[in-house]
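The block underneath contains the structure these notes are about, expressed in structure tokens.
When reading the values below, keep in mind they use all heavy atoms of this one structure, side chains included, and skip hydrogens, waters and symmetry mates. Remember, predicted model here, so these are calculated numbers, not experimental data.
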Amino acid sequence: MRYLIRKIGFYVIALWAAVTLNFLIPRMLPGNPVDIMVSRLAAKGPVSPATRSAVEALLGADSSQSIWQQYIGYLGQLAHGDLGVSVAYFPTPVGQVISQTLPWTVGLIGLATFISFLLGIGLGTIAGWKRGSWLDNIIPGLTMLQSVPYFWLALILLFIFGSLWHVFPLHGGYDVYGVEIGWNWPFIQSVLYYGTLPALTIVISSVGGWTLGMRNMMVSTISEDYILTAEAKGLTPRRIRTWYAARNAVLPSISGFAISLGFVVAGSIVTEQVFSYPGIGTALFQAVNNNDYSLMQGVFLVITLSVLGANLVVDLLYGVIDPRTRARS
């Protein structure tokens, strides 16, 4: 119980620090979202001081308040679930923008991350168990793909499979003309079809890292004494590989996978921009371009919560999977 309380207390403090930084960092950026909104309104006619004050109050950037008063007001809004109004998507609330874009990113990046993790762990297990095999020899080539920039790989795949061979669409998240949005098979099929190429980009660029990490851990694990003991007992090589070697070698990768899942909600801004995918990465890009404090803070808050939550779950699971961790704590 003391282990659990200590872990939760640490993450509560980390959450408070993250929320504070989330409030301060956008306000350190050059520009003012109030001026942007006022300039948009001025294009349609004169803007009175009362209108400017109303815009400041709406966006939570009241110049008559000190930074401390704005901070207290920000915490109060968070406590009530109010993330403010987006400038980039005005007058849509930030919560609505996030709720509309987050499922696209979680579906695309989350599924691609899960596939690359399973594929990398499987390949790394076999390569580490059979050192010197052809699979072990091609791992350096797989890891080289990880160093390839996202946008370059995305553009290459887009050119080959989108422009040259016309296998996949060039942009978008679904067929806006041919299907009706909803939980129906034509729409789901369209989403899968449009998301295949962006997901393939993520899998190709990340599978090498998982493979190399698992391979190295397998090589280290199979030299342990308990592996020799299992072999001396006459256990089958398949059982030793799966239940003794791979089961222990995968533990470090689980931590990395949990952190990756936490960052799934951040999306891949470059990938989403190249494929014009309607995810949260695109929303964040628009927020930065428009100095949209509220939307940036909302997106960063979701990222913070997901990363901290994923790490907390892994810490608690580690205490169950490996009791030695809990004992050292």
Side-chain angles (χ1 to χ4, degrees), residues 3-4 6-7 10-11 109-148 150 199-266 268 306-329:
Y3 171 82
L4 178 62
R6 186 163 58 246
K7 285 294 182 182
F10 169 78
Y11 281 103
I109 313 297
L111 184 60
T113 302
F114 187 70
I115 291 174
S116 62
F117 173 76
L118 291 182
L119 185 60
I121 294 301
L123 294 176
T125 299
I126 298 174
W129 185 257
K130 297 181 178 180
R131 287 174 294 175
S133 62
W134 66 269
L135 180 59
D136 192 25
N137 292 329
I138 67 171
I139 287 182
L142 292 177
T143 54
M144 286 181 59
L145 294 174
Q146 195 172 13
S147 62
V148 177
Y150 264 102
L200 187 62
T201 303
I202 298 170
V203 170
I204 291 176
S205 61
S206 59
V207 69
W210 296 117
T211 304
L212 179 62
M214 186 62 183
R215 183 263 180 196
N216 292 339
M217 287 303 302
M218 281 290 294
V219 171
S220 176
T221 302
I222 59 179
S223 63
E224 296 290 340
D225 292 338
Y226 57 83
I227 300 296
L228 297 177
T229 303
E231 292 175 346
K233 289 181 178 180
L235 299 180
T236 62
R238 180 177 180 181
R239 184 175 181 182
I240 296 174
R241 182 188 64 196
T242 305
W243 293 103
Y244 287 80
R247 185 178 181 182
N248 289 278
V250 79
L251 289 176
S253 297
I254 291 177
S255 296
F257 178 63
I259 296 174
S260 299
L261 285 181
F263 280 104
V264 158
V265 299
S268 177
S306 62
V307 172
L308 290 177
N311 279 274
L312 176 60
V313 170
V314 168
D315 278 347
L316 298 180
L317 285 178
Y318 251 96
V320 176
I321 298 174
D322 190 355
R324 294 171 299 178
T325 306
R326 185 170 63 251
R328 288 195 297 266
S329 300

Spatial distance of atom OG (Ser116) from atom CD1 (Ile204) [nearest 0.5 Å]
11.0 Å

Mind checking whether Thr236 and Ile240 have side chains closer than 4.5 Å, heavy atoms only?
no

Within this structure, what is the OG-CZ distance for the pair Ser260 and Phe114, rounded to the nearest 0.5 Å?
13.0 Å

Partners of Arg215 by salt bridge (Lys or Arg N to Asp or Glu O under 4.0 Å), sequence neighbours excluded?
Asp136

Sorted by first residue and then second, give each salt bridge (Lys or Arg N to Asp or Glu O under 4.0 Å) pair with at least one member in residues 200-213; sequence neighbours left out.
none

I'd like to check the side chain to side chain donor-acceptor pair (under 3.5 Å) partners of Thr201; sequence neighbours left out, ordered by chain and number.
none

With a 4.5 Å limit on heavy-atom distance, are the side chains of Met217 and Pro252 in contact?
yes

Applying side chain to side chain donor-acceptor pair (under 3.5 Å), name anything that partners Thr113, two or more places apart in sequence or on another chain.
none

Quick one: sort the Phe257 and Phe117 rings into parallel, tilted or perpendicular, breaks at 30° and 60°.
parallel

Show the nearest heavy-atom pair for residues Val203 and Ala112, with the distance to one decimal.
CG2-O, 3.6 Å

Which pair of heavy atoms, one from Trp210 and one from Gly256, lies closest together, and at what distance?
CH2-C, 3.5 Å

Got a sec, which residues hit side chain to side chain contact (heavy atoms under 4.5 Å, CB included) with Thr125, two or more places apart in sequence or on another chain?
Ile121, Met214, Met218, Arg241, Ala246

Show the nearest heavy-atom pair for residues Ala245 and Ile222, with the distance to one decimal.
CB-CG2, 4.0 Å

Looking at every heavy atom in both Trp129 and Pro237, which two are closest together, and how far apart are they?
CZ2-O, 3.7 Å

Does the Thr242 side chain pair with the main chain of Arg239, one donor and one acceptor, at a distance under 3.5 Å?
no

Are the side chains of Trp243 and Leu235 in contact, using a 4.5 Å heavy-atom criterion?
no

I need the Leu200 CG to Ser205 OG distance, nearest 0.5 Å.
9.5 Å

Please find the pair of heavy atoms, one from Ile227 and one from Thr221, that lie closest to each other, and give the distance.
CG1-O, 3.3 Å

What pairs of residues pass the side chain to side chain donor-acceptor pair (under 3.5 Å) test when at least one of them lies in residues 225-235, not counting sequence neighbours?
none

Looking at CG of Leu111 and CD1 of Ile202, how far apart are the two atoms once the value is rounded to the nearest 0.5 Å?
9.5 Å

From CD1 (Ile138) to OG1 (Thr143), nearest 0.5 Å:
10.5 Å

How many angstroms lie between atom OG of Ser206 and atom CG of Leu142, to the nearest 0.5 angstrom?
11.0 Å

